[in-house]
Engineer: 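Could you have a look at this structure, given as structure tokens, before my questions?
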Protein chains: 4
Amino acid sequence: MKIKHRKSLAKEMKHTAILDAAEDIIATEGLEALSMSKVAKAVKIAKGTVYLYFESKEEIIGGLTIRARRELLAYFKEYCSRTNDPLEKIKQIFWADFYFYKEKHTYHELVSFYEQNTGLEEKGELAMSSYHISQFVEGIIEDAKRKKVIRQDIISSLQGFVFWGMAVGILQIVNTKHDQLAKYFGKSEKEFYSVFVENVISGLLPEKILPAQGSVYQRVVQESKK
Amino acid sequence: MKIKHRKSLAKEMKHTAILDAAEDIIATEGLEALSMSKVAKAVKIAKGTVYLYFESKEEIIGGLTIRARRELLAYFKEYCSRTNDPLEKIKQIFWADFYFYKEKHTYHELVSFYEQNTGLEEKGELAMSSYHISQFVEGIIEDAKRKKVIRQDIISSLQGFVFWGMAVGILQIVNTKHDQLAKYFGKSEKEFYSVFVENVISGLLPEKILPAQGSVYQRVVQESKK
Amino acid sequence: MKIKHRKSLAKEMKHTAILDAAEDIIATEGLEALSMSKVAKAVKIAKGTVYLYFESKEEIIGGLTIRARRELLAYFKEYCSRTNDPLEKIKQIFWADFYFYKEKHTYHELVSFYEQNTGLEEKGELAMSSYHISQFVEGIIEDAKRKKVIRQDIISSLQGFVFWGMAVGILQIVNTKHDQLAKYFGKSEKEFYSVFVENVISGLLPEKILPAQGSVYQRVVQESKK
Amino acid sequence: MKIKHRKSLAKEMKHTAILDAAEDIIATEGLEALSMSKVAKAVKIAKGTVYLYFESKEEIIGGLTIRARRELLAYFKEYCSRTNDPLEKIKQIFWADFYFYKEKHTYHELVSFYEQNTGLEEKGELAMSSYHISQFVEGIIEDAKRKKVIRQDIISSLQGFVFWGMAVGILQIVNTKHDQLAKYFGKSEKEFYSVFVENVISGLLPEKILPAQGSVYQRVVQESKK
DNA sequence: AATGAATGAGCATTCATTCAT
DNA sequence: TATGAATGAATGCTCATTCAT
């Protein structure tokens with residue numbers, strides 16, 4: 001058992017070293033340029049050895065995505081801890097995401113990657129990392145709801161997903177189109193993101209005039225429940 | 001002249017046939033699996049022949065993206081024409097996007113692809129197709145603004161970008177996570193999307209309580225204007 | 001007959017236009033970049049039409065080589081006309097070649113190309129263009145021989161070939177290694193070429209001490225006559 | 001250690017086998033016809049495997065060129081060792097080159113290839129192989145100079161370049177035009193080459209009448225020194 | 001546990017030439 | 001005489017994964 005433990009420590013270290021190397025490569029050359037050969041070379045082990053620690057390239061990316069999501073959760077916690085105002089906390093989640101995108105670009109790329117690609121199975125730790133984030137966000141939303149600073153019809157868990165989708169999409173567009181943003185609108189990434197955040201937050205507030213009954217929208221919503 | 005016309009018709013047809021084949025391949029195997037060899041084989045022409053009609057693989061994808069965007073614009077127009085209510089029209093844009101995603105999945109993939117990838121140059125018809133969509137959406141928002149059914153501080157063109165980013169992100173998450181959606185929340189894609197639309201629309205309404213001065217959010221916004 | 005004549009005039013013009021275009025392409029992009037498509041495009045005729053005037057790409061290069069050799073002969077004549085001294089005339093041939101290389105680089109490339117490649121058949125005009133140059137050079141050497149300013153054992157025609165081979169080789173090395181020439185020896189192309197010319201001319205002079213009988217060299221020469 | 005040695009032996013052998021195969025292909029079909037697919041097929045390994053031993057096609061050609069240059073140097077040494085006469089040694093260099101061309105035609109092609117092509121970077125072993133040859137030839141010339149059997153104004157290193165350029169050019173013409181040589185002059189390659197060697201050697205001898213002052217040639221030489 | 005040689009299908013692109021019109 | 005669409009073999013190179021040692 002002792003031996004096993006020592007072994008698994010060594011194993012853990014190599015596992016980490018492989019992820020570190022892969023992260024470096026992505027940071028330097030981008031996710032697309034990641035290859036098993038490069039990883040093996042960087043860690044100074046044989047290509048075959050990498051497969052002793054990770055079943056496939058996908059698993060390495062998965063491993064890094066776990067890291068990335070942990071870091072994102074840390075960002076969320078850190079930003080939310082700055083205020084006690086439940087609504088502010090929600091805003092802080094968005095801003096945490098923004099700064100995560102700006103400061104941890106590699107991680108953001110990884111998190112987005114998993115959002116963009118169908119057919120990537122998430123299980124085990126990877127699924128958990130996603131769950132932890134959801135849980136945290138849900139908690140923040142639930143708290144705001146309990147304290148009645150946001151609409152009462154909101155389903156916290158679902159709303160978390162919506163937030164997530166919107167933020168991912170916005171940051172994607174910020175990433176892709178920041179040139180146009182600057183050129184045509186004279187807006188910085190932050191200003192643009194501000195518009196988005198303001199929009200979303202404003203949509204949560206309870207003093208909203210609800211769409212009139214019988215509107216097309218209502219009909220569509222009804223329909224969608226079928 | 002007749003001959004010339006006939007010829008250019010034949011050419012036009014092959015051009016179309018190539019795009020059709022490429023579209024089929026993407027529909028069946030995904031955008032990543034698209035290759036020139038497959039296209040040639042599907043059209044039953046030589047590989048070199050494909051290059052008589054398209055300068056590169058990128059041009060084929062570009063050609064399909066033009067198709068996709070045209071179709072998306074058609075969706076927008078069709079859905080918006082269903083109502084005269086300016087706010088409803090905005091909602092309809094979101095729903096048009098949703099049904100575009102559901103019904104024209106390949107096209108949606110193509111449109112998203114161009115959103116997700118930096119460094120893809122857009123020119124000529126491709127750039128125009130993007131512009132036409134922006135123009136249309138901007139017009140709808142501008143109209144709602146003029147009619148005072150949405151906040152007056154909205155910048156229509158910028159808001160169009162925000163809409164676009166959010167919708168892309170949400171549909172991405174719908175695409176990737178619809179299993180979880182069903183499993184954990186018992187929600188259909190449509191219901192989930194509904195929550196999103198309601199959220200966004202609600203955020204546009206003028207009778208909004210603005211975030212209190214001095215809130216963290218305000219500070220960040222101020223900051224971002226520097 | 002008149003019609004035929006007119007036709008062949010028109011034909012001649014197109015023939016010329018094709019060569020002109022090919023020459024431009026080689027001048028701009030190099031011999032390797034020459035392609036039938038580019039030629040056709042440049043002349044604004046169909047690809048197939050080019051084949052009505054030239055049987056193959058090789059024939060176009062052959063046609064240009066004829067031009068190039070004509071120009072080279074003109075250089076030879078021009079440079080030789082500058083002096084009446086028969087030895088000087090020989091020197092002038094070398095210098096004509098040097099300036100041909102410097103000033104008509106495309107033509108030089110073509111002339112060299114035919115020297116470097118085995119299996120390129122030369123017939124008709126192409127063979128003649130080579131013959132004319134040989135004849136001219138042979139005449140110059142023969143004249144110097146008759147006037148006893150060079151060794152009497154020289155076979156003019158053969159010597160012409162030797163000159164040609166040496167000059168081609170030297171210019172090739174000048175072309176390839178001019179950087180080293182400048183860097184390691186501080187010599188310009190001209191200075192280097194000067195050393196070569198001086199060497200060669202000096203080898204032609206009659207007051208030479210011939211290699212001693214019985215030397216290895218003599219043996220090899222004897223051997224070679226077998 | 002044994003194992004490692006055996007392994008690296010096996011690797012060395014495959015490396016050699018690839019070069020051998022490439023050499024065969026060049027010998028049979030010419031340098032231009034060399035392709036990675038052909039090499040792989042000839043060695044009966046997968047295309048990708050070739051890339052485990054050579055980074056690129058250019059590296060294979062480079063590897064063969066090293067072989068070729070080594071062999072050429074061996075020829076030089078062997079031929080020069082046949083005599084102690086310093087002038088004879090110079091002649092032997094030319095004859096070594098001739099027999100290298102005749103007997104190791106593929107290698108000659110490779111050596112010429114590197115002379116003819118601009119923009120081929122030479123480094124490491126490849127650069128060294130070139131340097132060793134230069135050094136050897138320079139030594140032979142320097143020795144002859146020191147012993148006063150050739151002109152004292154000769155710069156050994158530069159002269160080596162001139163020799164090399166001339167020999168490359170002559171052998172090229174021998175290669176290309178040997179049919180004409182036989183047909184029109186009734187001369188064998190060897191006889192022709194003899195004329196060349198005699199010419200060159202004769203040009204090195206010190207008892208030379210220098211070109212008269214004021215001749216065109218002198219002017220050009222002066223000019224070139226500016 | 002570790003190796004690293006081997007695989008081989010796959011990629012986008014080129015181009016001299018042909019031939020039906 | 002002129003067209004230009006079509007061909008299709010060929011190019012150098014990549015890379016996730018396997019497996020005998």
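So you know, we letter chains A, B, ... as the sequences are listed, proteins then strands, and number each from 1. Because the structure is predicted, anything quoted here is derived from the model rather than measured.
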Engineer: Measure CD1/Ile60(B) against P/dT13(E) and give the value in whole Å, please.
Structural biologist: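 Going from CD1 in Ile60(B) over to P in dT13(E) covers 9 Å.
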Engineer: Could you point out which residue of Arg69(C), Arg70(C), Glu23(C) forms a side-chain hydrogen bond (donor to acceptor under 3.5 Å, both in side chains) with Tyr107(C)?
Structural biologist: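 Output: one option passes, namely Glu23(C).
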Engineer: May I ask you to say what Tyr53(C) touches in the nucleic acid, namely base, sugar-phosphate or nothing, with a heavy-atom cut-off under 4.0 Å?
Structural biologist: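 The answer is sugar-phosphate, as Tyr53(C) gets under 4.0 Å only of primed atoms, P, OP1 or OP2.
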Engineer: Do Ser112(C) and Glu109(C) come within less than 4.5 Å of each other through their side chains, counting heavy atoms only?
Structural biologist: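 No, their side chains stay 4.5 Å or more apart.
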Engineer: Atom NE2 of His15(A) and atom C1' of dA1(E): how far apart are they, to the nearest Å?
Structural biologist: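 Rounding to the nearest Å, NE2 of His15(A) and C1' of dA1(E) are 16 Å apart.
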Engineer: Output the rounded distance in Å from CD1 (Ile61(A)) to P (dC15(F)).
Structural biologist: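 In whole Å, dC15(F) P and Ile61(A) CD1 are 13 Å from each other.
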Engineer: Take the protein atom CD of Glu58(B) and the nucleotide atom P of dT13(E), then report the distance between them rounded to whole Å.
Structural biologist: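 Glu58(B) atom CD is separated from dT13(E) atom P by 9 Å.
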Engineer: Tyr51(D) has an atom OH; how far is it from atom C1' of dC11(E), in whole Å?
Structural biologist: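 It works out to 13 Å between those atoms.
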Engineer: Could you tell me the separation between the CE atom of Met13(C) and the C1' atom of dT1(F), rounded to a whole number of Å?
Structural biologist: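 Computing the Met13(C):CE to dT1(F):C1' distance gives 16 Å.
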Engineer: Check residues 40-55 of chain A and write down every donor-acceptor pair under 3.5 Å in which the side-chain atom is one partner and the other belongs to a residue at least two apart or another chain.
Structural biologist:
unit_1, atom_1, unit_2, atom_2, d
Lys47(A), NZ, Ser37(A), OG, 3.4

Engineer: For residues Gln116(A) and Gln172(A), is any side-chain donor paired with an opposing acceptor at under 3.5 Å?
Structural biologist: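 Checked: Gln116(A)/Gln172(A) side chains pair up, N/O donor to acceptor below 3.5 Å.
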Engineer: Under a 3.5 Å cut-off for both distances, is dG8(E) Watson-Crick or wobble paired, and to whom?
Structural biologist: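 Its partner is dC15(F).
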Engineer: Can you check whether Thr49(B) has a side-chain N or O nearer than 4.0 Å to OP1 or OP2 of dA5(F)?
Structural biologist: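 It does not, given that no N or O in the side chain of Thr49(B) lies less than 4.0 Å from OP1 or OP2 of dA5(F).
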Engineer: Could you give the distance from CG (Asp20(D)) to CZ (Arg67(D)), rounded to the nearest 0.5 Å?
Structural biologist: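 So the gap between those two atoms works out to 4.5 Å.
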Engineer: Flag the pair Thr65(A) / Phe113(A) as yes when at least one side-chain heavy-atom distance between them is below 4.5 Å, and no otherwise.
Structural biologist: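 Thr65(A) vs Phe113(A): side chains apart.
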Engineer: Taking atom P of dT21(F) as reference, at what distance in whole Å does atom NZ of Lys11(D) sit?
Structural biologist: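 Lys11(D) atom NZ is separated from dT21(F) atom P by 18 Å.
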Engineer: Which ones in residues 18-47 of chain B lie close to DNA chain F, meaning a heavy atom under 4.0 Å from one of its atoms?
Structural biologist: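 Contacts with DNA chain F under 4.0 Å: Ile45(B), Ala46(B), Lys47(B).
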Engineer: Side chain of Ser56(C) only, please: which of dA6(E), dT17(E), dA16(F) is the nearest?
Structural biologist: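 Of dA6(E), dT17(E), dA16(F), dT17(E) is nearest to the side chain of Ser56(C).
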Engineer: Strictly by Watson-Crick or wobble contacts shorter than 3.5 Å, is anything paired with dA20(F), and which nucleotide is it?
Structural biologist: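 When the pairing criteria are applied, dT3(E) turns out to be the nucleotide that pairs with dA20(F).
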Engineer: Does a side-chain heavy-atom distance below 4.5 Å link Thr176(B) with Tyr114(A)?
Structural biologist: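 They are not in contact (no side-chain heavy atoms under 4.5 Å apart), so the answer is no.
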Engineer: Nearest of dA5(F), dA2(E), dA2(F) to any side-chain atom of Leu52(B)?
Structural biologist: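 Closest nucleotide to the Leu52(B) side chain: dA5(F).
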Engineer: Go nucleotide by nucleotide along DNA chain E from the 5' end; which of Val50(A) and Gly48(B) gets its closest nucleotide reached first?
Structural biologist: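 Of the two residues, Val50(A) wins.
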